[in-house]
Structure formats: C-alpha cells, structure tokens
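Some notes on the structure that comes next.
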Amino acid sequence: MRVVDQQHAAGPTTPSDAGATRSDRDTGLFGPGSVTWRVHGDPGMAIAGIRALLLQAVHPLAMAGVAHHSTYRIDPWGRLRRTVEYVDTITYGSTESAHRAAARVRRVHAGVHGVEAGTGRPYRATDPELLLWVHVSEVESFLSTTRRCGLALTDKQADTYFAEQIRAAELVGIPACDVPSNRAEVERYFTRMRPGLRASAQSREAVGFILRPPMPRWVTLATPARPGWSVLAAIAVGMLPRWTRQLYGLPDTAAVDLTASVCGRATRAALLRLPRSLYQAPGAARCASQPKIPHQRT
C-alpha cells in the first residue's frame with residue numbers, strides 16, 4: 001500500500017520497465033546478488049503483500065489518505081496490480097526505470113492531503129514519517145512472511161535486506177538516516193509507533209475489501225480464485241504481529257501463529273512446483289538466474 005495509488009500519475013508503471021530496458025551493466029538498485037532479489041522473487045510474497053496491507057491499515061493517517069484518495073473501492077484489482085508493478089520495477093528494473101516509477105509516486109503524493117476524521121489531525125502523503133510507516137510495514141512484512149513460509153535466510157542476511165531497502169525508501173522522499181537498517185531497529189520502530197495505532201472504521205472497511213475483494217461472477221464460478229485468495233488472506237492474518245491482531249479484535253494466540261506458519265510453508269511448497277510466471281511478478285520471472293545466496297538458517 002503506497003499512501004495512495006498511481007491511478008492519476010503521468011504514465012503507468014509497465015511490466016517492461018522491470019527489465020526490458022536494462023543494459024548489461026545496469027542491474028538496477030539491487031542486482032542479482034542482493035537479498036532483495038531473493039526475497040521479492042519468493043513465492044511467499046503472495047502472502048506477504050496481503051500481510052503488508054493489513055499492517056499498514058492500522059495507522060490512522062495512512063489509512064485516511066487511502067480512504068480519501070485511493071481507487072481501491074472501485075478498482076481493487078487494478079490498484080493491486082499497480083502496487084505489484086511498482087515493487088517489481090523498483091526491485092528488478094533498471095536504475096532509470098526505478099527512478100521514473102518513484103517520481104510518478106512522488107508527483108501523486110504531492111497533491112494528497114486532508115484531515116483524519118477520527119482525530120481531526122491533518123495528513124500529507126509527502127510527510128516523511130507517514131511514508132516511513134508505509135515503507136517499514138511493507139518491507140518487514142515481505143521479509144518476515146517469506147522467512148516464515150520457508151525462505152532460508154540467516155539473521156545477517158535479514159539485516160542486509162533492511163539495509164538494502166534504504167535505497168527504495170530514499171526514492172520516495174524518506175531521509176536515509178530515518179530508515180531502520182536492521183531487525184533490531186525495525187523492532188524499536190514498531191515499539192515506538194504502537195501507541196498511536198488503531199483499527200479505525202476506515203481500516204476495517206479496507207480490510208473487508210482485502211479479505212473478500214469483489215470478483216467477476218464468472219471468475220467466482222469457473223475458477224478457484226475465491227477459495228485460493230481466502231486461503232492466502234487467512235494465512236496473512238495469522239502472520240500479523242499479535243499486537244496488530246489485537247487491534248483488529250482477532251485471536252492472538254500462539255496456536256494462530258503456528259497454524260499460519262505451517263500453512264504458509266505448505267502454500268510456498270505448492271507454489272514452487274508451478275512455473276515461475278504463475279507466482280512471480282514479471283520482472284522476477286524474467287530474471288532466469290536467481291541470487292546465489294547460501295540456503296541456510298540460523
């Protein structure tokens with residue numbers, strides 16, 4: 001969830017941005033040896049993206065910006081596609097295409113502002129603190145979810161991932177010095193933010209769309225899309241931090257955590273049996289040589 005989507009940005013982010021124009025010497029912001037390539041190309045991202053949306057929604061100002069300016073109610077699948085394309089371009093695209101995509105987001109954010117109804121607090125999508133919440137919630141979800149689903153990373157590699165993601169944060173206007181660069185700093189960030197978080201009425205409305213998005217009737221009747229999405233969403237809920245589930249009034253027991261981890265691993269194992277193009281974003285699927293990082297766990 002960007003603070004808003006890119007519906008009205010000048011020029012869409014296209015899948016071709018993610019790799020077709022990259023020169024032999026330009027491997028983008030991260031490159032094939034990065035932890036970022038490995039995390040973002042993992043099947044667990046199918047769950048991680050949903051988990052990120054659910055986590056981001058408990059920030060009242062971020063959620064107000066989405067509720068007032070996003071198209072998710074009328075075009076939920078289009079909004080999801082644009083978000084996936086943005087992450088794909090930033091991750092696997094050329095340096096130039098990554099900067100173009102981020103510039104479009106910044107242009108959209110420049111016109112987004114308003115007042116959060118519950119508290120009367122003003123918000124601006126260009127606020128670095130608001131952008132930081134969206135960023136940290138997103139990358140922490142990507143990393144923690146893929147690891148729980150079975151992606152073997154050491155703790156050192158996990159810290160490296162957060163450090164690499166500072167580059168993505170800077171693109172949208174977040175000062176590098178403010179961005180958590182390792183697991184300990186991320187944990188301290190969430191501890192600092194928790195007192196101001198809540199599940200607002202807007203949050204609950206958005207979560208309703210996330211957990212049961214509208215689908216064309218023929219898709220519901222003729223494909224397994226509805227039950228498949230429900231499974232992914234249920235696992236994503238179970239992988240939320242316990243304090244986040246408490247805010248939503250959901251069960252926060254260890255049994256929920258364990259069930260989510262087991263189901264996440266089973267889902268990842270099933271997806272790995274499919275062609276990459278079915279579970280990866282276009283840029284990741286095009287990168288035939290995946291990062292050569294040792295598969296080990298601490």
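Shown here for Arg245 and Thr253, the closest heavy-atom pair between the two residues is NH2-O, 3.4 Å. Pairing each heavy atom of Arg242 with each of Asp257, the nearest pair is NE-OD2, 2.7 Å. Counting all heavy atoms, side chain and backbone alike, Ala260 lies closest to Ile235 at O-CG2, 3.6 Å. Contact record, Tyr123 with Gly65: CE1-CA, 3.6 Å, taken as the closest heavy-atom pair. Taking each heavy atom of Gln157 and Ala152 in turn, the nearest pair found is OE1-O, 4.2 Å. The nearest pair of heavy atoms linking Ala48 to Ser141 is CB-O, 3.7 Å.
Val237 is listed as a side-chain neighbour of Leu211, based on a closest heavy-atom distance under 4.5 Å. At least one side-chain heavy atom of Glu140 sits less than 4.5 Å from a side-chain heavy atom of Arg51. With a 4.5 Å cut-off on side-chain heavy atoms, Arg121 and Val115 do not count as touching. Considering only heavy atoms from C-beta on, Arg183 comes within 4.5 Å of Asp155 through its side chain. With contacts defined as side-chain heavy-atom distances shorter than 4.5 Å, the pair Ile174/Glu170 does not qualify. Considering only heavy atoms from C-beta on, Val179 stays 4.5 Å or farther from Phe162 through its side chain. Contact of the Val231 side chain with the Cys263 side chain is not registered, since no non-hydrogen atoms from C-beta on lie closer than 4.5 Å. In this structure, Arg124 and His109 have side chains that are not in contact, with every pair of non-hydrogen atoms separated by 4.5 Å or more.
Glu116 contributes a side-chain N or O that, together with a main-chain N or O of Thr119, makes up a donor-acceptor pair within less than 3.5 Å. Of the possible donor and acceptor atoms, one in the side chain of Asp26 sits under 3.5 Å from a partner among the backbone N and O of Thr95. Arg106 places no side-chain N or O within donor-acceptor distance of the main-chain N or O of Gly173, the cut-off being under 3.5 Å. Put simply, the side chain of Arg38 never gets that close to the backbone of Ser34: no donor and acceptor are under 3.5 Å apart. Formation of a donor-acceptor pair under 3.5 Å by the Thr126 side chain with backbone atoms of Ala110 is not found in this model. Between the Arg268 side chain and the Met45 main chain, no donor and acceptor come within less than 3.5 Å of each other. The backbone N or O of Ser137 sits nowhere less than 3.5 Å from a side-chain atom of Gln56 that would complete a donor-acceptor pair.
For His59, the ring-ring contact (aromatic ring centres under 6.0 Å, His included) partners at least two apart in sequence or on another chain are Trp133. For Asp178, there are no side-chain hydrogen bond (donor to acceptor under 3.5 Å, both in side chains) partners, not counting sequence neighbours.
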Side chain to side chain contact (heavy atoms under 4.5 Å, CB included) between Val58 and Arg198, intermediate numbers included: CA-CA 5 Å; Val58 297; Arg198 60 186 173 86; over 6 Å; no

From CA spacing to verdict: side chain to side chain contact (heavy atoms under 4.5 Å, CB included), Leu132, Met193: CA-CA 11 Å; Leu132 183 61; Met193 294 297 294; over 6 Å; no

Salt bridge (charged side-chain N to carboxylate O under 4.0 Å, His left out) between Arg82 and Asp88, intermediate numbers included: CA-CA 10 Å; Arg82 289 186 291 274; Asp88 192 44; over 6 Å; no

CA sep, side-chain torsions, deciding dist, call: Val39, Leu153, side chain to side chain contact (heavy atoms under 4.5 Å, CB included): CA-CA 9 Å; Val39 171; Leu153 295 176; 3.8 Å; yes

Full working for side chain to side chain contact (heavy atoms under 4.5 Å, CB included) between Thr91 and Tyr86: CA-CA 8 Å; Thr91 303; Tyr86 176 79; over 6 Å; no

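Within a 6.0 Å radius of CD in Gln246, other residues, nucleotides and ligands contribute more than 12 heavy atoms. Applying the 6.0 Å contact sphere to CZ of Arg212 captures no more than 12 heavy atoms from other residues, nucleotides or ligands.
In this structure, CG in Leu232 is found 5.5 Å from CD1 in Ile47, a value given to the nearest 0.5 Å. From Leu130, atom CG reaches atom CG of Leu61 across 6.0 Å, with rounding to the nearest 0.5 Å. Taking OG1 of Thr89 as the reference point, atom NE2 of His99 lies at 13.0 Å (rounded to 0.5 Å). Distance CG/Asp159 to CG/Leu143: 9.0 Å, rounded to 0.5 Å. Note that CG of Asn182 is 11.5 Å distant from CD of Glu187, once rounded to the nearest 0.5 Å. We find the CG-NE2 distance between Leu171 and His135 to be 10.5 Å, quoted to the nearest 0.5 Å.
In this structure, Tyr161 has its ring center closer than 6.0 angstrom to the ring center of His40.
At a threshold of 4.0 Å, the pair Glu85-Arg81 counts as salt-bridged, since one of the basic side-chain nitrogens sits closer than that to a carboxylate oxygen.
Note: the hydrophobic cluster containing Ile50 does not contain Val262 (ILVMFWY, side chain heavy atoms under 4.5 Å, direct or indirect links). One hydrophobic cluster, built from ILVMFWY side chains closer than 4.5 Å, holds both Met215 and Trp218. Under the 4.5 Å side-chain heavy-atom criterion for Ile, Leu, Val, Met, Phe, Trp and Tyr, Leu258 and Val256 are members of distinct hydrophobic clusters. Grouping the Ile, Leu, Val, Met, Phe, Trp and Tyr side chains by contacts below 4.5 angstrom, directly or via other members, places Leu54 with Trp243.
Each of Thr145, Leu151, Thr146 was evaluated against Cys149; a single residue qualifies, Thr145, per the side chain to side chain contact (heavy atoms under 4.5 Å, CB included) test.
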